[in-house]
4 protein chains.
Amino acid sequence: MVSDTDHVPPGGKAGRPRSERARRAVLHAVDDLLVDVGYAAMTMKGIAERAGVGRQTVYRWWSTKAEILLEACLVDAEEELTTPPRPDAADDLLAYLTALTEFLTTSPAGLAYRALIGEAQHDPVVRDLVHQAGLLALSAHDVLRRVRSSAPNMPDECLCAAQLTGPVVTQILTTPEPLPERLLEAHVAALLRAWR
Amino acid sequence: MVSDTDHVPPGGKAGRPRSERARRAVLHAVDDLLVDVGYAAMTMKGIAERAGVGRQTVYRWWSTKAEILLEACLVDAEEELTTPPRPDAADDLLAYLTALTEFLTTSPAGLAYRALIGEAQHDPVVRDLVHQAGLLALSAHDVLRRVRSSAPNMPDECLCAAQLTGPVVTQILTTPEPLPERLLEAHVAALLRAWR
Amino acid sequence: MVSDTDHVPPGGKAGRPRSERARRAVLHAVDDLLVDVGYAAMTMKGIAERAGVGRQTVYRWWSTKAEILLEACLVDAEEELTTPPRPDAADDLLAYLTALTEFLTTSPAGLAYRALIGEAQHDPVVRDLVHQAGLLALSAHDVLRRVRSSAPNMPDECLCAAQLTGPVVTQILTTPEPLPERLLEAHVAALLRAWR
Amino acid sequence: MVSDTDHVPPGGKAGRPRSERARRAVLHAVDDLLVDVGYAAMTMKGIAERAGVGRQTVYRWWSTKAEILLEACLVDAEEELTTPPRPDAADDLLAYLTALTEFLTTSPAGLAYRALIGEAQHDPVVRDLVHQAGLLALSAHDVLRRVRSSAPNMPDECLCAAQLTGPVVTQILTTPEPLPERLLEAHVAALLRAWR
DNA sequence: ATTTAACCGAGACGGTACGTCTTGTCTTATA
DNA sequence: TATAAGACAAGACGTACCGTCTCGGTTAAAT
């Protein structure tokens, strides 16, 4: 008589587990490709090939190149946007804005982030991803919390963050040159005048 | 008024003259498609078909969809961003920022402009096009010139424009909701405090 | 000194025995799928899923869908092609050819067999499998042995089988309609005329 | 008055005409690939690449590799199956069956034809194509018409063709070896005995 | 009673063909 | 020379299946 029991494993997850090696290879491939060929020329096919990974494996875990890029750059980004506290409020803000400028114009992670903001204008899904990551807001709030004591007249935190970073970011997104150091100083001075 | 005909060239060069009819059809098609299917799904092929125009005709006069879009939206954009002067500086600035917000979140021309800013992050050619148009800077300078008299301490004009529009624009580009009226007022108040 | 208990398992095989349940499920799945989706759309993946069986389990026991199909249909086929003897030679042959026609145009096992003949034209491995099974030849020889006595002039047995079944089979394989009853009768009459 | 017309050409066909060069390249590629890699391993992608032709160009004019193959082999096939008349009926039939055997076992066009018959068992569309081409029937009818005078007792033409070619074709399709010359002779002799 | 070897299901893996789409160029006939 | 139409070579799209692999878990014969 033949037993009828080749039964399903009762709990837990069946099947081969996800390959961490493949995941990392994809994230690295995206980093490399963004620098090598740019966002527009970066394709899902190209990512898979560069990573030495099956195409389906990419699609299994990410829907779009934007999703991969976000995962690839988020950690680096957060780190690069964290500046050490400085005793003087003006110095503190200036250091942050300098780091922000550097990040968005030079750092690979920053270029990725700019590409994502760009894509967000075309694709509402990416828009939500980018907003949910909240990279800009988070890093700005950190530094703003520190200067709060020396700027008693600061308005709504959200507006403050916008006032602090908006001019810098918009300049970078819409013109070929970022605000120069000199104007960053003037910007910080004006902000502190308004918030004091 | 533009003739709807492809009339005989009165003088100058031989050959069939450019069809004004085709040019207009393409610009209208781009406008329609941006609303109907969005920037990402808009293709040169689709534009030609929607315009009832040969594909080659599109490529003959424009290189990319961004170029067409820019030509299609610039005139409307400039008009929508021009606000009538108001006696009070705060009122003047607020009216401008409200118009700017409206433009970037609601107007077809504004959505086109946002798409172009997005594309500019991926493609340096578009970046140059967008910067050369200088839409934001130009419209901001208009209103800033008017409030200059009542804000003697205004810094560099370029920084001023950035300080005025940057927070509003960045908010729109990176979050799902623009700055609300209330925060626009607070923003203007803070700026005038800093500039006075 | 050599341990007496360290030796290779002497005979028989250790390990879990093959699951008869899985084998049957696969064969049934193939039968069902051939009818439901056709040979071309039948895939190893689909078979495994329909059978509720792991993919590896299928590959462990069969190499190709053709192999499974052959195992699934052979028994049925042999049975359907065996006709009871009839006293009159013409009747006997006609009954066989009618059964053969029915088999190849209607019976699931016959459709499977036709699919296998088709695949055999593309894949020499399948060709060998099909030939080794020798379905057609075997069944034809049975009936030919019975009419041998009343057809003294019959040539080589192999040619006889070909002359008997070839016209019927080729017609089915290359045209949408099989030879009708009327022509089967004429065919049998002609054969007996030639062999008498 | 000025014409408003970039209008559709009133009759005939607009646009670039079909490239005869591309058509020929595809047909040759299919011929080559059938011999080089076999029918099963022949893919639409491979055909396009071997032909130096865009994939879309292949799909524009043919739906499946079977369709291409049919177009590629039909002309050759018809020629190879046409045998010159011989005075003796037995000689005439034998020459035809020898050519048929040669064709189906050796000639590239014949191998293509066999592949098509194979595919026809899986795909009703191909089945119709193959039947509509009617290669076997046509060539058989030619030679049968010639022997008609010396075989007054011949049955229905359709059955005759089946009786003539069926045994030969089925043997080739279902076993590794075709009927040898000796049995072809015996087959022809038997047929003439039956038809006389 | 333990070990051990082969089985089982599920499902991720690297590949690759599918048929469709868009790209930018080209080749027509017509204007 | 511009135009609309549409074929062309190229190649990315996202999906499907290939055959292999890697899991956790089962089963029964051999220790």
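In the text below, chain A, chain B and the rest are named by the order of the sequence lines, each starting its count at 1. The analysis underlying the following values was restricted to heavy atoms, covering all of them including side chains, and did not include hydrogens, waters or symmetry mates.
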Student: Counting distance alone, no hydrogens or angles: does the base of E:dC8 have a donor or acceptor under 3.5 Å from a partner atom on the side chain of C:Gln56?
Tutor: no
Student: Would you say F:dA2 has OP1 or OP2 under 4.0 Å from some side-chain N or O of B:Thr57?
Tutor: no
Student: Please determine whether a side-chain nitrogen of the Lys or Arg among D:Arg23 and D:Glu71 lies less than 4.0 Å from a carboxylate oxygen of the Asp or Glu.
Tutor: yes
Student: How many Å lie between CZ on B:Arg24 and P on F:dA2, as a whole number?
Tutor: 20 Å
Student: Do you know which two heavy atoms are closest between D:Ala66 and D:Leu116, and how far apart they sit?
Tutor: O-CD2, 3.4 Å
Student: Between B:Thr43 and E:dC21, is there a contact of a side-chain N or O with OP1 or OP2 at under 4.0 Å?
Tutor: no
Student: Closest approach to the side chain of A:Tyr59, judged atom by atom: which nucleotide of F:dT15, E:dC18, E:dT23 is it?
Tutor: F:dT15
Student: Between F:dA4 atom C1' and B:Arg50 atom CZ, what is the distance in whole Å?
Tutor: 18 Å
Student: Between F:dG19 atom P and C:Ile68 atom CD1, what is the distance in whole Å?
Tutor: 10 Å
Student: Go nucleotide by nucleotide along DNA chain F from the 5' end; which of C:Ala41 and D:Gly54 gets its closest nucleotide reached first?
Tutor: D:Gly54
Student: From B:Arg18 CZ over to B:Trp61 CH2, what is the distance, rounded to the nearest 0.5 angstrom?
Tutor: 5.0 Å
Student: Contact class for D:Gly46 vs. all strands (heavy atom < 4.0 Å): base, sugar-phosphate, or nothing?
Tutor: nothing
Student: Between D:Pro17 and A:Gly15, which is nearer to the 5' end of DNA chain E once each is assigned its nearest nucleotide?
Tutor: A:Gly15
Student: Rounded off to whole Å, could you give me the CD-to-C1' distance for the C:Glu67 and F:dG19 pair?
Tutor: 15 Å
Student: Without decimals, in angstroms, what is the distance between A:Arg60 CZ and F:dC17 P?
Tutor: 14 Å
Student: What pair of heavy atoms forms the shortest contact from C:Val30 to C:Met42, and how long is it?
Tutor: O-SD, 3.8 Å
Student: With hydrogens left out and only the distance checked, is there a donor-acceptor pair under 3.5 Å joining B:Arg55's side chain and the base of E:dG24?
Tutor: yes
Student: Side chain of B:Ser19 only, heavy atoms from C-beta on: which candidate in E:dA17, F:dC8, F:dT3 is closest?
Tutor: F:dT3
Student: Please compare C:Lys45 and A:Met44 by the position of their nearest nucleotide in DNA chain F and report the one closer to 5'.
Tutor: A:Met44
Student: Using a 3.5 Å distance criterion without hydrogens, assess whether the side chain of D:Gln121 forms a donor-acceptor pair with backbone atoms of D:Ile117.
Tutor: yes
Student: What's D:Arg21 touching, base or sugar-phosphate or nothing? Going by heavy atoms closer than 4.0 Å.
Tutor: sugar-phosphate
Student: Map A:Ala22 and C:Ala51 onto DNA chain E by nearest heavy atom, then report which one ends up closer to the 5' terminus.
Tutor: C:Ala51
Student: Between the base of E:dA6 and the side chain of C:Arg16, is there any donor-acceptor pair under 3.5 Å?
Tutor: no
Student: What orientation do A:Tyr39 and B:His122 show, parallel under 30°, tilted 30 to 60°, or perpendicular over 60°?
Tutor: parallel
Student: Is the phosphate of F:dG6 approached by D:Trp61 (side-chain N or O, under 4.0 Å from OP1 or OP2)?
Tutor: no
Student: Rounded to the nearest angstrom, tell me the gap between atom CH2 in B:Trp62 and atom C1' in E:dT23.
Tutor: 18 Å
Student: Rounded to whole Å, please give me the gap between CD in C:Glu20 and P in E:dA6.
Tutor: 20 Å
Student: Distance check needed: F:dA12 C1' versus A:Lys65 NZ, whole Å only.
Tutor: 11 Å
